[in-house]
Amino acid sequence: MSQDIILPPIVLTLAGADPTSGAGIQADILTLASMGCHPLSVITAITVQDTRGVQDFMVIDDEWVLDQARAVLEDMPVAAFKVGMIGSIDNVVAIAELVADYPDIPLIYDPVLASGAGDELAREDMIHVLRDMLLPQVTVLTPNSIEARRLAANDADDEEELTVADCAKRLTRLGCDYVFITGTHEPSRDVENRLYDLGGEIRVDTWPRLNGSFHGSGCTLAAAIAGLVARGLAVPEAVKEAQDYTWQALRYGFRPGMGQFIPDRLFWANDDAGDDADKEQDANV
């Protein structure tokens, strides 16, 4: 093989496995590959789920998580980390220790605290450890507004619901370089997504709200940001481009089962996807 071949950017994703391939590590792999990146995958949990929700999950032992990651990190150059479902306090500690050994590699963290159908995937004691050990190392945190409030909450002080801006201020003060809060769960006509750093709001992007409920939208968005950062884009530009990619993937989403829609990460390969997607969503709302 020629030594002149240019390697694609390599992204290491650590996440739970989803048998539907709508979310989780399968969603990351599809998204990263569609962006011209080579995905490496470390499984943190095995789930029993379909497009209607999560029935059960089994967390992978933290030593196995570390062994999976270190094997590929010692073999290949990684341009970005993407972390999704972690599953246990032990795995939070393990992943925090792992990424601390690679401080120059950007870390994009999608805090999967519940499934898209609302199934609980992270307890409060795990969230406290996340705040202390992992969030200070995060380059881009990508919570929805519900996740942002859970991560930023301080029960001793918070008598009223935090605003999105308040959440971002607290999370950047914990050490996150950027906090990108999506607005799909907010009561606005359109979806407003906001990017913050320690100095405050950097950008706000508004997107038409799509019909239907989607499985894996957060995974897709975070993986897209990771892929674009790995390709050399600055974070604000990566966030902008990743939103467009994700919105299109959701617009062209399909409903293969009896539950949520799944994003079509290869929408650009389907010439007639848009018309079919609009008809399918209208029929199932």
Side-chain angles (χ1 to χ4, degrees), residues 11-35 37-69 71-72 81-88 90-92 94-95 108-123 126 142 144 146-147 184 210 212-224 226-227 245-246 249-267 269-270 273 276-277 280-281 284:
V11 179
L12 173 57
T13 173
L14 303 95
D18 174 10
T20 75
S21 292
I25 210 156
Q26 288 88 341
D28 294 346
I29 291 169
L30 285 166
T31 301
L32 291 165
S34 76
M35 296 194 148
C37 295
H38 179 69
L40 309 179
S41 57
V42 169
I43 296 175
T44 59
I46 298 170
T47 67
V48 178
Q49 64 177 298
D50 56 21
T51 58
R52 294 170 293 185
V54 177
Q55 287 80 53
D56 203 353
F57 65 92
M58 180 180 71
V59 178
I60 302 299
D61 180 82
D62 58 308
E63 290 296 330
W64 275 80
V65 171
L66 282 175
D67 287 347
Q68 290 179 79
V72 292
F81 291 119
K82 187 270 179 182
V83 175
M85 178 186 177
I86 296 176
S88 71
D90 286 344
N91 279 348
V92 174
I95 292 171
I108 289 75
Y109 176 38
D110 173 27
V112 181
L113 309 181
S115 73
D119 307 290
E120 189 73 16
L121 300 175
R123 300 183 312 186
M126 179 175 153
T142 65
N144 60 43
I146 295 173
E147 293 164 338
T184 52
L210 295 168
S213 176
F214 298 93
H215 182 54
S217 55
C219 305
T220 304
L221 178 61
Y245 170 87
T246 303
L250 296 178
R251 180 189 170 219
Y252 298 153
F254 53 94
R255 192 176 183 227
M258 294 180 283
Q260 296 175 304
F261 286 87
I262 288 177
D264 183 357
R265 286 101 182 174
L266 300 178
F267 61 85
N270 302 319
D276 292 342
E280 177 72 5
Q281 287 190 13
N284 288 283

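The structure presented is a predicted model; accordingly, all values stated were derived computationally and were not measured.
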Atom pair SG (Cys219) and CG (Leu30), whose distance is rounded to the nearest 0.5 Å | 11.0 Å
Closest non-hydrogen atoms of Tyr245 and Ser34, given as atom of the first, atom of the second and distance, are OH-OG, 2.8 Å
Quick one: which of Leu12, Leu32, Asp28, Ile25 gives a side chain to side chain contact (heavy atoms under 4.5 Å, CB included) with Lys82?
-> Asp28
Taking the side chain as C-beta and beyond, is there a heavy-atom pair between Ile95 and Thr44 under 4.5 Å?
-> yes
Looking at Ala27 and Gly22, what are the two nearest heavy atoms and their distance?
-> CB-O, 3.5 Å
Salt bridge (Lys or Arg N to Asp or Glu O under 4.0 Å) against Asp50, all qualifying residues, sequence neighbours excluded | Arg52
Within a strict 4.5 Å, meaning less than it, do heavy atoms of the Ile29 and Ser41 side chains meet?
-> yes
Check against side-chain contact (heavy atoms from CB on, under 4.5 Å), Met58 and Asp56 = CA-CA 7 Å; Met58 180 180 71; Asp56 203 353; over 6 Å; no
Spell out, as yes or no, whether a donor-acceptor pair under 3.5 Å connects the side chain of Tyr252 to the backbone of Arg265.
-> no
Mind listing the closest non-hydrogen atom pair of Ala94 and Leu66 along with its distance?
-> O-CD2, 3.4 Å
Are the aromatic rings of Tyr109 and Phe81 close, with centres under 6.0 Å apart?
-> no
So how far is it from Ile60 CD1 to Asp67 CG, rounded to the nearest 0.5 Å?
-> 12.0 Å
Residues Phe214, Gln260; criterion side-chain contact (heavy atoms from CB on, under 4.5 Å); working and verdict | CA-CA 5 Å; Phe214 298 93; Gln260 296 175 304; 5.7 Å; no
All heavy atoms of Pro256 vs all of Ile262, minimum pair found to be CG-CD1, 3.7 Å
Non-neighbouring partners of Thr47 that pass side chain to side chain donor-acceptor pair (under 3.5 Å), sequence neighbours left out = Gln49
Separation of Asn91 CG from Asp61 CG (nearest 0.5 Å) | 7.5 Å
What is the minimum heavy-atom distance between Gly87 and Met126, and which atoms define it?
-> N-CE, 3.6 Å
Between CD1 of Ile86 and CG of Asp110, what distance do you get to the nearest 0.5 Å?
-> 10.0 Å
Rounded distance (nearest 0.5 Å) linking atom CD1 of Ile108 with atom OG1 of Thr142 = 9.0 Å
Roughly how far, to the nearest 0.5 Å, is the NE2 atom of His215 from the OG1 atom of Thr51?
-> 7.5 Å
At their closest point, which heavy atom of Thr220 faces which heavy atom of Pro263, and how far apart are they?
-> OG1-CG, 4.0 Å
Is it the case that Asp18 and Thr20 place a side-chain donor and acceptor less than 3.5 Å from each other?
-> yes
